[in-house]
Trainee: 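Quick one: the structure is below, questions incoming.
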There are 2 protein chains.
Amino acid sequence: MARTSGSHAAKTAPRIRAAAIRLFARHGYAAVSMRQIAGEVGVQVGALYNHTADKQSLLLELMEGHLTDLLAACDRADSPDGPVAALEAFVRFHIRYHAERPDEVFIAYMELRNLTPENFARVQTLRRRYEDRLESILRAGIAAGAFRLADARIGTLAIIGMLTGINTWFRAKGRLSLADIEAIYCDMIRQSVGA
Amino acid sequence: MARTSGSHAAKTAPRIRAAAIRLFARHGYAAVSMRQIAGEVGVQVGALYNHTADKQSLLLELMEGHLTDLLAACDRADSPDGPVAALEAFVRFHIRYHAERPDEVFIAYMELRNLTPENFARVQTLRRRYEDRLESILRAGIAAGAFRLADARIGTLAIIGMLTGINTWFRAKGRLSLADIEAIYCDMIRQSVGA
DNA sequence: CTTTGCAATGAACGGGTGTTCAGATAATTT
DNA sequence: AAATTATCTGAACACCCGTTCATTGCAAAG
């Protein structure tokens, strides 16, 4: 090999991903053309195919990248002892992490149906791994008698749904700061599981 | 006028809407072509334009129709006295109504970004009207001292998000029936507002 | 039974789609 | 300095897009 692999790619590939994230989040996967992405990067269409196999792979890379990062960050975040404290830590982590990456989150939740079946399955596996973090906390809380909650799985889906919804309406310039919302959600979610 | 307006339209127009709902929900507005819709109805593309001005209007009609029906049904549903009972009635109504129309719900929540700004504003107004139904209940409960909830608006968005999420994962053949889920959600939501 | 007029056809319009590829470019290793 | 090779260009491919419109068909009104 005569050149370090990706000497240029190291600059262009991330820019393609960044442009795709912005455009997919703004207009939707199906409504964005490869030419639009290329235009945003300042390159011709054909050049994109040096960095991604096709449009579908680009979408998959964005989603898998986002979910992998999410899981890694979730692992890094410390989870305190005790079901109530662990639940609160999860909620705060989720809200903060997702608020910082609205575009990736939007794509990961809205473009699932534009994945091929195999790619959908791969993404769902990652998503399920994240949900399982919360489900474990709920299960432990139920087992310890700390939570009054009939079903850990449904509780997980309900809480994730509640949290995910924030991204659809939260605006930094709104009436309440993110810290305010974090506090309100912590209270509501703690109460929702009967703790 | 030589003929009752819409003697044919009375058959074709609803079929177009039904096909569009199915296809938009399955593949997304941008990914569905007018030719696909026409094919599903068993008609040529041009015929669609006898019943809708353009693709964008078709989307708007579906969304406005869904939200108008939702508001009408919500008004018809009786709301019992007392904040706790009213909240439970709202939750049960929402879950049942939405479970019966998964495709319309999916479109109304996922295709907002494919609306032109004016059309988006119209749909948001209707959606806000529905959210206000819940917000009033929460406000009344807080005022009466029946709920322990810091902010009625955030509580509304949190609960709506929680409820709306059901449609993304509920399957009739799943582990739990809709009635089971209804019961679990009623408990969680009642607890979440501190009642 | 003729008139009326809505609805459906089928072809066309201009333009956009994802993807490929031969050839030019430029940067790194030898 | 020369050779190498990842990257980019620019054009092309075959096909699909939303929308329009002259023409045709047909069901109801008079």
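Here is how names work: the chains are called A, B, and so on, in the same order as the sequence lines, proteins then strands, and each is numbered from 1.
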Trainee: To the side chain of A:Val43, which of C:dG18, D:dT19, D:dT9 is closest?
Mentor: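 Output: D:dT9.
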Trainee: Indicate, with yes or no, if the rings of B:Tyr109 and B:His66 have centres closer together than 6.0 Å.
Mentor: no
Trainee: Closer than 3.5 angstrom, by distance alone: can the side chain of A:Gln56 be matched with the main-chain N or O of A:Asn119 as a donor-acceptor pair?
Mentor: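 Flag not set: sc A:Gln56 to bb A:Asn119 has no pair under 3.5 Å.
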Trainee: Would you mind reading off the distance between A:Ile37 atom CD1 and C:dG18 atom P, rounded to a whole angstrom?
Mentor: 8 Å
Trainee: May I have the distance from B:Leu58 (atom CG) to D:dG18 (atom P), rounded to whole angstrom?
Mentor: 11 Å
Trainee: What do you reckon, is CZ of B:Arg122 surrounded by more than 12 foreign heavy atoms closer than 6.0 Å?
Mentor: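 Not buried by this count: 12 neighbours or fewer within 6.0 Å.
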Trainee: To the nearest Å, how far apart are B:Ile16 CD1 and C:dA7 P?
Mentor: 10 Å
Trainee: Pick the nucleotide of DNA chain C nearest each of A:Tyr29 and A:Ala47; which residue has the one closer to the 5' end?
Mentor: A:Tyr29
Trainee: Separation of B:Asp54 atom CG from D:dC17 atom C1', in whole Å?
Mentor: 14 Å
Trainee: Using whole Å, what does the distance between atom C1' of nucleotide D:dT20 and atom CD of B:Gln44 come to?
Mentor: 15 Å
Trainee: On a heavy-atom basis, which atom in B:Ala152 and which in B:Leu149 lie closest, and how many Å separate them?
Mentor: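 Distance-wise, the nearest heavy atoms are CA-CD2, 4.4 Å.
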Trainee: Can you check the A:Lys11 NZ to D:dC8 P distance for me, whole Å?
Mentor: 12 Å
Trainee: So does A:His51 get a side-chain nitrogen or oxygen closer than 4.0 Å to the phosphate oxygens (OP1/OP2) of D:dA6?
Mentor: no
Trainee: Indicate, with a heavy-atom threshold strictly under 4.0 Å, whether B:Val32 touches base, sugar-phosphate, or nothing.
Mentor: sugar-phosphate
Trainee: Give a yes/no on whether any side-chain N or O of A:Ser33 is located under 4.0 angstrom from OP1 or OP2 of C:dG16.
Mentor: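 The answer is no; no side-chain N or O of A:Ser33 sits under 4.0 Å from OP1 or OP2.
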Trainee: For B:Val41 and B:Ile16, work out which heavy atoms get closest and say how close.
Mentor: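 Distance-wise, the nearest heavy atoms are CG2-CA, 3.8 Å.
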Trainee: Among the candidates C:dG18, C:dT9, D:dT20, find the nucleotide nearest to the side-chain atoms of B:Tyr49.
Mentor: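 Side chain of B:Tyr49 sits closest to D:dT20.
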Trainee: Which of these nucleotides, D:dC8, D:dG18, C:dA7, is closest to any side-chain atom of A:Thr12?
Mentor: D:dC8
Trainee: Do the side chain of B:Asn50 and the base of C:dA8 come within less than 3.5 angstrom through a donor-acceptor pair of N or O atoms?
Mentor: yes
Trainee: Starting at atom CG of A:Leu59, determine the distance to atom C1' of C:dG18, rounded to an integer number of angstrom.
Mentor: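 One finds 15 Å between C1' of C:dG18 and CG of A:Leu59, rounded.
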Trainee: Starting at the 5' end of DNA chain D and moving along, which residue's nearest nucleotide shows up first, A:Arg35 or A:Gly42?
Mentor: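 Per heavy-atom nearest nucleotide, the more 5' residue is A:Gly42.
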Trainee: Can you tell me the distance, in whole Å, between the CD atom of A:Gln56 and the C1' atom of C:dG18?
Mentor: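 Rounding to the nearest Å, CD of A:Gln56 and C1' of C:dG18 are 13 Å apart.
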